[in-house]
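Each remark here refers to the structure printed beneath this line.
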Amino acid sequence: MQTSILSFGKRTLRALTRQKAVIAIIAMLILMLFFKTNFYTSYNLLNVLKDAAVNEIIAFGVTLTVIAAGCDLSVGGVMCLSGITAIQMMNGGMSMWLAITLSILIGALIGFINGFFVVQQRTEAFIITLGMGMLLKGVCQQLTDAHPVSCTNMEFMKIANGKIGGVIPNLAVIMIVFGVLVYALLRYTSFGRNLYAIGGDYEVAKYSGINVVTTKWIAFVLSGAMTAIAGVLLSSKLNTGSSIYGDDTALMVNCGVVVGGTSFAGGVGGIPESFIGLMVLQLLTNCMNMLGIAPYLQQVAQGVVIVGIIWLDCFGRKRKREDV
Amino acid sequence: MTKRFDLKKFLLNYLVLVAIVLLVIITIIVEPKFLSGDNLTNIMRQFGPLSFVSLGMTFVIIGGFIDLSVGGLISLVAVVTVSLIDPLGQLNALIVGVLFGAFLGFLNSMVLISCGALTQAEALFITYGMSAVYSAVALIYTGGSTQHMSWLTTPQTIFTAIGSGTVGIFSVSFIIFLVCLLLLWIFHNKTYSGRSISYTGGNKVAAELSGIPIKRSVILIYTICGLMSAVGSIVLFSRITTAAPIIGKNYETNAILSVVVGGTTLKGGKGSVLRTVLGVLLITLMSNCMNLLGVSAYMQVVLKGAILVLAIWLDNRKEQ
C-alpha cells in the first residue's frame, strides 16, 4: 500500500517536472506574489477553478480521443448545441433531468457519428471534426434563429451556480469528480490501457487482439458526451443558450491538451496533463485580469505563451532526436 | 462488370466536378437568372479572397503542414495596408502590404524551423498561437475600430479597380487570380523548389535523406502562403472598402476546407493548385446557388457543413 502511494507520488512528480506547463504555472504564481492584488484570496482561487471547469471537462473527453491518436475539433459546436437543446426542451415543458439526459445523449450521438467517420471509415480526424463543428454551428443558429435563449426554469441555474456548504462552487466539484472518473477509466480499466496501445501503434494494437475499432469509437462517443455535459453546465452557469458560444473552444481546448503534454501523435499523456495544460491558459487569463491588462494585450500574451510552450516542447524533442 | 467499375472510379475521382455540374444544372432549372451576365460577374467577385488564400494554403498542405495563422494575418495586413495608403501613396502601400504578408509567413516558418517542428500537429498549434498574436496586434493597431477607405484623402484608384473593376465580363480580381494561378502552377510543376515541396510532404525523413532541402521548402511554403493571403486580404478590403481588425476571421478553416474538398490530401505530398480551384469553385457556387434559391442563411451553414463532411468522406473512400 505504502509503496504504491510512494510510486504514485514519484510518478506524479516526474510527470510534473517533465512539463513546461507546470513551470509556466509556478512562474505565474511566483510573479503574482510581487503584485498587490486579490489573487491570493480563496474567493479568487475558487473562482479560477469555477471558470476553468467547463473547458476542463471538455478537455477530459478530448484527451481520450487524442490519446488514441485522434482529435476532436467539433467540441465547440457540440457544446453550443447541447446547451441550446437542454434549455429549449425545458422551456417546452420537459422535466429538467430528462432534458439534460437527452441533450447528453445528443452529444454522444454526435460523437458516435464522428467515430463512424474517423474510426470506421478512417478519415482524417482533424478535418472531419472541423467540418462537423461547422455544421453544428449552423444547426444551433437554425434552432435559435441566432437569438440567445434563456431558461425559464430557475432550478436549472442552480446546478452550476450553487455552492456546496456555501463555499465550494458546484462546478469545481463536478469538474474534479469527472477528472477522477476519467483518470480511473484510463488508468485502471482495460479500455483505458487499450486506448494507449491504439495511440502508440494502431497496427500493433490490432494484431495484439485489441478490438481497435470499437475502443477508439467509444473514445469519440465519450468525448461527445462529456462535451455535451460541459455545454449543459455552461448554459446553466449563464442561464442562457446561444449559438455564439464556443467559437474558440475547439482550438483552445485541443491546444490546452497539447500544452499539457498529451502528444497529438497519440499514446502519451493523460488527465493530469490535460488538467494542467488548460489550467495554464485559465490562470494566465486570471492573472492578467487581476493586473488590469487590456484585453487585446491579453490575447497577444496568450498566443505567445501557447507558441512558447509548444516551441519548447518541440525543441526538447528535436534535441532528443539528435542525441540518439 | 468492368464498365461499371470504371464509372465508379471516374465518379470518385472527379467527384467535385460532378458535384459542381449537378449544382449548376439544378440551379439553372429552378432559377434561370443564374446564367445572367451580372450573376456570373458576381460569382467571379465572390470567388476572390478565398481563392487566393486557398492557393497559398494548398502549398502548405502539399508540404505536409498546416497554417491556421492566415485569419489573423489577413486582418493584420488589411489594417496595416489601409493605414499606409495616406502616408505612402496607394502603389507603395499595396507593395508594402503584400511584402508584409510574405514577411509574416516567413516569420511563421522561422518559428517552426527554429524548434524543429516537423509534424502537422505541431504546426497546427504553433500557427494557432501566431494567429492569436496577429489578430490581437491588428486590434491594438487600430484600437479595435474599423477603418473606412472613404476617410482617406489620397486617391485609391488601384484598390477600386481591384475591388469592383471589370474587363469585359471578367472582374479584375479574377484576372489577377488567373495570373497567380498560372505562376504558382509553373512554380509547383516546373521548378526544383516546387517539386521539392511535394517530396517534403510525401515523406519528410526520406526527403531529407535524399538531399531535398526541407528547411527551404518550409520557408517557401509559409512565405507563399503569407504572400497569397496578403493578396487575398487586399482583394477583400478593396471589395468592401473597409478594413475591420477581425476581417480575416474563419478564413483559415474555409481555406483548409476548400483545399481538402478540392482533393489535396491532408497527409501531404499529393495535390495541385488546379484541384484547389475546383474546391473553391464548389464552395462559392454553393453560396451563390443557395442565395438564388432563397435558402436561409442559417440553413446554408448547415448544408455547407454537411456537403463538406460528405465530400471529405467520399474523397477518403477513393483512396482506399
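All values derive from a computational prediction rather than experimental measurement.
- Between atom CD1 of residue B:Ile256 and atom CZ of residue A:Phe126 there is a gap of 4.5 Å, rounded to the nearest 0.5 Å.
- Residues of residues 76-85 of chain A never come closer than 4.5 Å to chain B when only heavy atoms are counted.
- Ranked by non-hydrogen atom pairs under 4.5 Å with chain B, the options A:Val304, A:Leu312, A:Leu143, A:Asn254 are led by A:Asn254.
- Your options are B:Leu303, B:Val111, B:Leu112, B:Asn250, and the one with the most heavy-atom pairs under 4.5 Å with chain A is B:Val111.
- B:Trp313 and A:Phe116 have tilted rings, their planes meeting at an angle from 30° to 60° on a 0 to 90° scale.
- Interface check for chain B: of the options A:Cys71, A:Ala294, A:Cys255, the most heavy-atom pairs under 4.5 Å are formed by A:Cys255.
- Rounded to the nearest 0.5 Å, atoms OH (B:Tyr298) and OG (A:Ser243) are 7.5 Å apart.
- Between B:Leu257 and A:Met134, the shortest heavy-atom contact is CD1-SD, 3.6 Å.
- Within residues 122-147 of chain B, the residues that have a heavy atom under 4.5 Å from a heavy atom of chain A are B:Glu122, B:Leu124, B:Phe125, B:Ile126, B:Tyr128, B:Gly129, B:Met130, B:Ala132, B:Val133, B:Ser135, B:Ala136, B:Val137, B:Leu139, B:Ile140, B:Gly143, B:Gly144, listed by number.
- Proximity to chain B (any heavy atom under 4.5 Å) is shown, for A:Gln302, by neither the backbone nor the side chain.
- Only the side chain of A:Leu130 comes within contact range of chain B, with heavy atoms under 4.5 Å apart.
- Chosen from A:Ile306, A:Ile309, A:Val300, the residue pairing most often with chain B at heavy-atom distances under 4.5 Å is A:Val300.
- At a 4.5 Å heavy-atom cutoff, the contact between A:Asp145 and chain B is made by backbone and side-chain atoms alike.
- A distance of 15.5 Å separates NZ in B:Lys304 from NZ in A:Lys137, rounded to the nearest 0.5 Å.
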